[in-house]
Novice: 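Okay, handing you the structure first.
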Protein chains: 2
Amino acid sequence: MTTTGKPQIPDDTYEDLMQATARALCEHGYSRLRVRDIDEYFGKSRQLINHYYDGRDDLIEAVLKYLLAEYERGIAVGDDVDPEQQLHSYIQQFLYGPDIEDFDHWAFVMVLIELRSQAQHYPHHQKLHMENYRHLRATLITIIERGIEEGTFRDIDADIFATAIMHVISTSRMRKVCLGDEEAIEDGRRILNAIILPALLNEPKAD
Amino acid sequence: MTTTGKPQIPDDTYEDLMQATARALCEHGYSRLRVRDIDEYFGKSRQLINHYYDGRDDLIEAVLKYLLAEYERGIAVGDDVDPEQQLHSYIQQFLYGPDIEDFDHWAFVMVLIELRSQAQHYPHHQKLHMENYRHLRATLITIIERGIEEGTFRDIDADIFATAIMHVISTSRMRKVCLGDEEAIEDGRRILNAIILPALLNEPKAD
């Protein structure tokens, strides 16, 4: 991951710096973040940061790319299982966090939400967030369309259902990390189980 | 609205200052906001701001209270209509913005979302956001429970449906103001019309 006119950062240093910046963002928030806060987690010289990045905003853009890529990798679900299991796995990872080594999921969700909330001031960030949103939705649409074809899901509008699932989960995550609302994730699970999934699954309704 | 140890701000000045601060927040974002940016919209002396508020964070807390109060007033729906109309009115105002004079709805939603995204760093803000969330949800639960009693709505869990409606709308608003996603509001409308409301309303299903 290079920055125009700047030398290429070695992989190990890159990984350490991204993690350090994300952790510093998480602790201090974007509005109060100084390069010296990143240093506390990075443990190397501030000059090294300036060697590879053109200041704070350039570094933040690199972190955003890193977090979104980690996130997309984490949420990926194999198509070696049936669509219902795939959907379950997607929801599980999106609601409770993917199981990635050395990846502090909720701390990074906090950073992503904060950067997203300010994206209107940073067109580059906005573009990255939109790409990520579209990527995650496309993954979900593919799963749902496969389920419709195979008869597991009803013949509904895959786009609307994919978007509905994302909206429910997105607000659950926001409530958990921003408001510290401990009921948020289970609320999301209950909404999906009680309203969205029964309307999607091709099985007799309880009522 | 007084600040401990500070003189009470006159109503007119208060209204002007809250609007000016919200607009400055909207233009610059919290992370880049300086008191001089507020001055540009306020058009009065910076000393006047310091006369009534203990610095930037005290002022931001006052703005948050102001915006949430405006918002709750805007979203209020009368109970002189039947629950289905009440629910429709609530959704309409929450999705498209309440019709309040001199109140630039979407600009202020942007500010609220940005403050909310940083609420974990400001316990006072977090408390205000939680109170607002609970207030809006309680309003919706009351409408749904009345509809169940009167037989307009099915005998479902009002809490889950209220929360589902809020999650769908909340992400629609976030996508609109943060990502500039022009499809967001109509996506919210389609999810409610295609999935949530059919499961709530006590009427024969199309399928």
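Order of the sequence lines fixes the chain letters, A, B, ..., with proteins taken first and strands second; residue numbering starts at 1 for each chain.
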Novice: Check each atom of A/Ala194 against the heavy atoms of chain B and say whether the ones under 4.5 Å are side chain, backbone, both or neither.
Specialist: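 Looking at A/Ala194, just its side chain touches chain B.
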
Novice: Is a donor on one side and an acceptor on the other found under 3.5 Å between the side chain of A/Thr13 and the backbone of A/Ile9?
Specialist: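 It does not hold such a pair.
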
Novice: Heavy-atom cut-off 4.5 Å, strictly under: side chain, backbone, both or neither for A/Phe161 against chain B?
Specialist: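 Both parts, backbone and side chain.
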
Novice: Search all heavy atoms of B/Ile144 against all heavy atoms of B/Ala158 and return the closest pair with its distance.
Specialist: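 Scanning both residues completely, I find the closest heavy atoms to be CG2-CB, 3.7 Å.
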
Novice: Please classify the contact of A/His125 with chain B as side chain, backbone, both or neither, using a heavy-atom distance under 4.5 Å.
Specialist: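 Looking at A/His125, nothing touches chain B.
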
Novice: Between B/Asp157, B/Asp187, B/Leu115, B/Leu192, who has the most heavy-atom pairs with chain A when the cutoff is under 4.5 Å?
Specialist: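 Among the listed options, the one with the most contacts to chain A is B/Asp187.
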
Novice: Does a side-chain N-to-carboxylate-O contact under 4.0 Å join A/Arg56 and A/Asp37?
Specialist: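 Judged by the 4.0 Å cut-off on N to carboxylate O distance, A/Arg56 and A/Asp37 do not form a salt bridge.
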
Novice: Taking B/Lys127, B/His129, B/Met130 one by one, which has the highest count of heavy-atom pairs under 4.5 Å against chain A?
Specialist: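 Among the listed options, the one with the most contacts to chain A is B/Met130.
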
Novice: Give a yes or no on whether the backbone of B/Gln85 and the side-chain of B/Ser89 come within a donor-acceptor separation of less than 3.5 Å.
Specialist: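 Absent.
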
Novice: Check this for me, if you would: do A/Glu150 and A/Arg146 make a salt bridge, where the nitrogen-to-carboxylate-oxygen distance has to be below 4.0 angstrom?
Specialist: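 Answer for the salt bridge query: yes.
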
Novice: When only pairs under 4.5 Å are counted, which of B/Glu27, B/Arg190, B/Met110, B/Arg175 shares the most heavy-atom pairs with chain A?
Specialist: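 Of the options given, most contacts go to B/Arg175.
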
Novice: Sub-3.5 Å donor-acceptor pair from the side chain of B/Ser172 to the main-chain atoms of B/Ile185, do we have one?
Specialist: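 Not at all, since once roles are kept as given, no pair shorter than 3.5 Å links the two residues.
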
Novice: Should B/Asp54 and B/Lys6 count as an ion pair when the cut-off is N to O under 4.0 Å?
Specialist: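 The answer is yes: the pair qualifies as a salt bridge.
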
Novice: For the candidates A/Thr163, A/Ile113, A/Asp159, which exhibits the highest count of non-hydrogen atom pairs separated by less than 4.5 Å from chain B?
Specialist: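 When all of A/Thr163, A/Ile113, A/Asp159 are compared, A/Thr163 has the most.
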
Novice: So which of A/Gln118, A/Gln126, A/His121, A/Arg116 has the largest heavy-atom pair count under 4.5 angstrom toward chain B?
Specialist: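 The candidate making the most pairs under 4.5 Å is A/His121.
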
Novice: If we define contacts as heavy-atom pairs under 4.5 Å, which of B/Gly188, B/Gly180, B/Cys26 has the most with chain A?
Specialist: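 Result: the option with the highest number of such pairs is B/Cys26.
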
